[in-house]
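Residue numbers start from 1 in every chain, and the chains themselves are labelled A, B, ... in the order their sequence lines are given, proteins ahead of strands.
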Amino acid sequence: MTGLLVLTGSILLVAAFALIYRILTLIEIAKGRQDYQPGGNSHAINGVLFILFFIVGFGLFFWYSGKAAENFLPEAASEHGKLTDRLFWITTGITFVVFFLTHALLFLSPYFFRYRKDRKALWWPDNTKLEVAWTVVPAIVLTILILGGWWIWRDVTAPAPDNSLEVEIVGKQFNWMVRYGGKDGKIGKHNFRKIDATNQLGMDFAADKSNFDDFVPREIHLPKGRSVLLKIRARDVLHSVFLPHFRVKMDAVPGMPTSFWFTPTKTTEEMRRELNDPNFNYELACTEICGQGHFAMRMVVVVSEPEEFEKWYASQEPWAKQNADYIASLNLENSKELAALFNQK
Amino acid sequence: MATVNIDLHHSVEEHVHHHDEHEHHHESFIRKYIFSEDHKVIAKQFLFTGIFWAIIGGLLSIIFRLQLGFPEANLEFLRPILGDWITAQGKLDQNFYLALVTMHGTIMVFFVLTAGLSGTFSNFLIPLQIGARDMASGFLNMLSYWFFFLSSVVMFISLFIETGPASGGWVVYPPLSALPQAMPGSGLGMTLWLISMSLFIVSSLLGGINYITTVINLRTEGMSFSKLPLTIWAFFLTAVLGLLSFPVLFAAALLLIFDRSFGTSFYLSEIYINGEALHNVGGSPVLYQHLFWFLGHPEVYIVMLPGLGITSEIIATNSRKPIFGYRAMIGSLLGITFLAFIVWAHHMFVSGMNPFLGTIFMFLTLIIAVPSAVKVFNYLATLWRGNIVFTPAMLFSIGLVSLFITGGVTGIALGNSAVDIQLHDTYYVVAHFHLVMGAASFFGMVAGIYHWFPKMFGRMMNEKLGYVHFWITFIGVYMVFFPMHYLGIAGFPRRYYSWTNFNAFDSFADLNAFISTAAIITMAAQLIFLFNFFYSIFRGRLAPANPWRSNTLEWTTPRFPGHGNWPGKIPTVYRWPYDYSKPGAKEDYIPQHIPYSETPESNLPHENELIALEKEFAK
Ligand code: HEM
Ligand SMILES: [Cu+2]
Ligand SMILES: [Cu+2]
């Protein structure tokens, strides 16, 4: 149906153009061919159209920007996110001024300086002062913007604070997996050769005892107000951890662990109230093309008050306990004792 | 130095001689139109192939825009064309969606805006504007086209194979592109992509060597570098960029071929996929990204500089004014060329590379914005108090400047690594590069076609159709790409088949429908251009010798220049190409081959002194 519409639409369009063309040519022939003048007598029209384009264009821009803002992401829910957002809007403000002024010149000049037979263009091949000015001024403004960015970037990429909560995020085709360090807070070592249908994360129980208390929930839970260090890796191809509400993004690279740390500043509940949306959830998305299911790698992120988070944390059952058969099948020398040790509540 | 000079004369003379010999022979059809060594014919071959690819690339984008704009629509009607890529439910296959995106990007960036643009205009204009009979090596030039042709054939075939063409994005990052088990497109389709791109690189290098050599060695008498039209400066530096960066892509592709076919581990490490742990360890996917973007960033300027060169020429001619700040324009071209090589890692701020590198590349990236800004200001100053003639080429050039500004300012946000954390791989980037590179270079290409059509085909294109084409396209391009900024600020990731899985991205459905509709209309408007183009080749009004009253040398050739361009002696050049509306002059333009001795009424004091030198030349 749509196809038919598109097809008839385009046929009609072509027919219309052909018709217009014939008419135009006929008119020209009827008028007789005068001496060829580039641009003919269309100068005023084109000049006016540029002015119209300028006015309508910016009109639409202002009108729609206001409307669109309703659908933008809510205010950043992380500390660094507030800073990067601010820098983004400052940059946008400054560049908007340039954008507007240059376009004013660009779209108004054509009308005012349109071709007229009796006019002569100004002979103005250069002007050193102007050239220097418009080299130096942008350079200074850019320097200020860069320094602002550098100052934030340095902090964002600095090593995570010591008491950060460590969370492992692993990307695979086509979902995310997450792991916490359990009681000891330490995330156990992994080895990609240990991965199988059960042990999807490749936890290396033989090499690292601290794997035994690690737990693997279905959602990411984070405490408000405490720094969180994401330890990111990928199992098969590139993925990218994207937490839009926290302004966090970092690629997940097979064979090369990456990381990103940040501090959530609003709980899910607070966000729900703020947005007046009881169904709101923080989300984790993938932003590096990874194949067929790239667009569907969603995981819910829950931010809660620290006490609530601790309660949740303590209630999680270690993976090793849920998969006792698997552990037994590993035939580790002391697997029974270890499992028992780490599984005690 | 001396030897260089001798060689130089030698080659010029040999060339002339060679040419004379040719005229006595009757060239067969095959030698004249197919395996031609005439730069003008080769230019047209590139142009027609480029237009063919532009149509394919455009149609691909319409298909995926249907999916994005109308996710509920039943696409059953595409089954006759796409076969099983339409699922039983009448939806676009998800893998095929990625294939479409990938092929669209590859085709547009490389086949249309690199080969189609540089191939056409560097070939056509370099000899004509510097006053040479042909390229330094007509044979290599011919090979350059035929390598491109082969490359095109391979890429075209890959569109029709059962597992689909390459699908990992136009950047084809491994491991996705290295492992056939990761997606169907990484099988045969990816192999063909690599073969095709290798052939493409060969073509590009052959072309580039030729452009550089020709500009350096074959300039006519008097045509010093400081008298070169800005078009030639731009093509020359574009070729330099290509020559230095394409080999790196070749290396990247070669290592990828090794990883795919010979079990090496340049880019692969610790991978478990499809129930199997691969043997590869020690490689790094980030290495590929460095190599790719070492080409990739210069590539964006390879695509852009010719458009800027073309625009400089057209804006000066049609403002009837000298280009403002000729030297500053050359300076900024040189600056961009140099800086283009040292900003590549701004595409990798969040790739996991060392954040300190991010800092360095942030600083370097924002420096490159300065020469870009200078160019814009110079264009504006050129328009100021001009006597602006609105040819379609001029309209498209003004459009280019606008698009270049709009796309350029967002680069300043993206170049700031801290801000880029959020924006990277969202629609904000898509908006940025489609405006600054895609649309702007496309406008440059179209402007060039309108402007040099009379020289290429000896006939004029219809102006009124040109105006209609321009206005629909200009408005359309803004309707398509400007709204993408809003999507990007709202966090919408790119290369998504659908966004409705996420609460965060479950908005803007109407905006997406709007974009898709605008895209379809804009594409349809290109039919006006195609009609005008092909109709005018055969039926257009015969072109006057110098329809735009332009100063450059190509307009001193006959209406249908033969192989060798000038029937007699090549004109000598006395002045820069921008003597428009010179005070005192009889006309508002003085072509480059008019000596100062003939224009005493308009000479500046230091130019009068040059008259004595001209006498030397004349001997
Ligand atoms: C004002 C100067 C410019 C600056 C500061 C700038 C900066 C950037 C940055 C930082 C990115 C990476 C964004 C990301 O992926 O997160 C980017 C992407 C891109 N830029 Fe620019 N840019 C500028 C001008 C240009 C020009 C002139 C072109 C082309 C002619 C261009 C073409 C592109 C392309 C193609 C991409 C995206 C590639 C991809 O990821 O697929 N940029 N730009
Ligand atoms: Cu993905
Ligand atoms: Cu770049």
At a heavy-atom distance under 4.5 Å, which candidate from [options] has the highest pair count against chain A?
options                                    : value
Asn274(B), Asn280(B), Leu383(B), Ile521(B) : Leu383(B)
Gln422(B), Gln94(B), Lys582(B), Met362(B)  : Gln422(B)
Ile520(B), Ile489(B), Val401(B)            : Ile489(B)
Ala277(B), Ala418(B), Ser507(B)            : Ala418(B)

Legend entry - Aromatic ring proximity His294(A)/Phe174(A), centre distance under 6.0 Å: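 Centroid separation for His294(A) and Phe174(A): 6.0 Å or greater.
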
Inset, instruction - Decide if the gap between the ring center of Phe50(A) and the ring center of Tyr111(A) is smaller than 6.0 angstrom. - result: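 Not close enough - the centres of the two rings lie 6.0 Å or further apart.
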
Inset, instruction - Answer yes or no: is there a side-chain heavy-atom contact under 4.5 Å between Trp471(B) and Leu395(B)? - result: yes

Inset, instruction - For Arg385(B), look at atom CZ and say whether over 12 heavy atoms of other residues, nucleotides or ligands are found less than 6.0 Å away. - result: no

Legend entry - Asn416(B) and Trp153(A): side chain donor to acceptor below 3.5 Å: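 No - no donor-acceptor pair under 3.5 Å links their side chains.
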
Measure distances from [X] to the heavy atoms of chain B and classify the residue's part below 4.5 Å as side chain, backbone, both or neither.
X         : answer
Ile94(A)  : neither
Phe260(A) : side chain
Gln292(A) : both
Leu147(A) : side chain

Inset, instruction - Check whether Ile398(B) gets within reach of chain A through its side chain, its backbone, both or neither, counting any heavy atom under 4.5 Å. - result: both

Legend entry - SB check Asp126(A) Arg327(B) (cutoff 4.0 Å): no

Legend entry - When Leu238(A), Val253(A), Thr128(A) are compared by non-hydrogen pairs under 4.5 Å with chain B, the top option: Leu238(A)

Inset, instruction - For each of Arg298(A), Lys172(A), Lys194(A), Arg233(A), tally heavy-atom pairs with chain B at distances under 4.5 Å, and name the one with the top tally. - result: Arg298(A)

Legend entry - Pairing residues for Val98(A) by the side chain to side chain contact (heavy atoms under 4.5 Å, CB included) criterion, not counting sequence neighbours: Thr102(A)

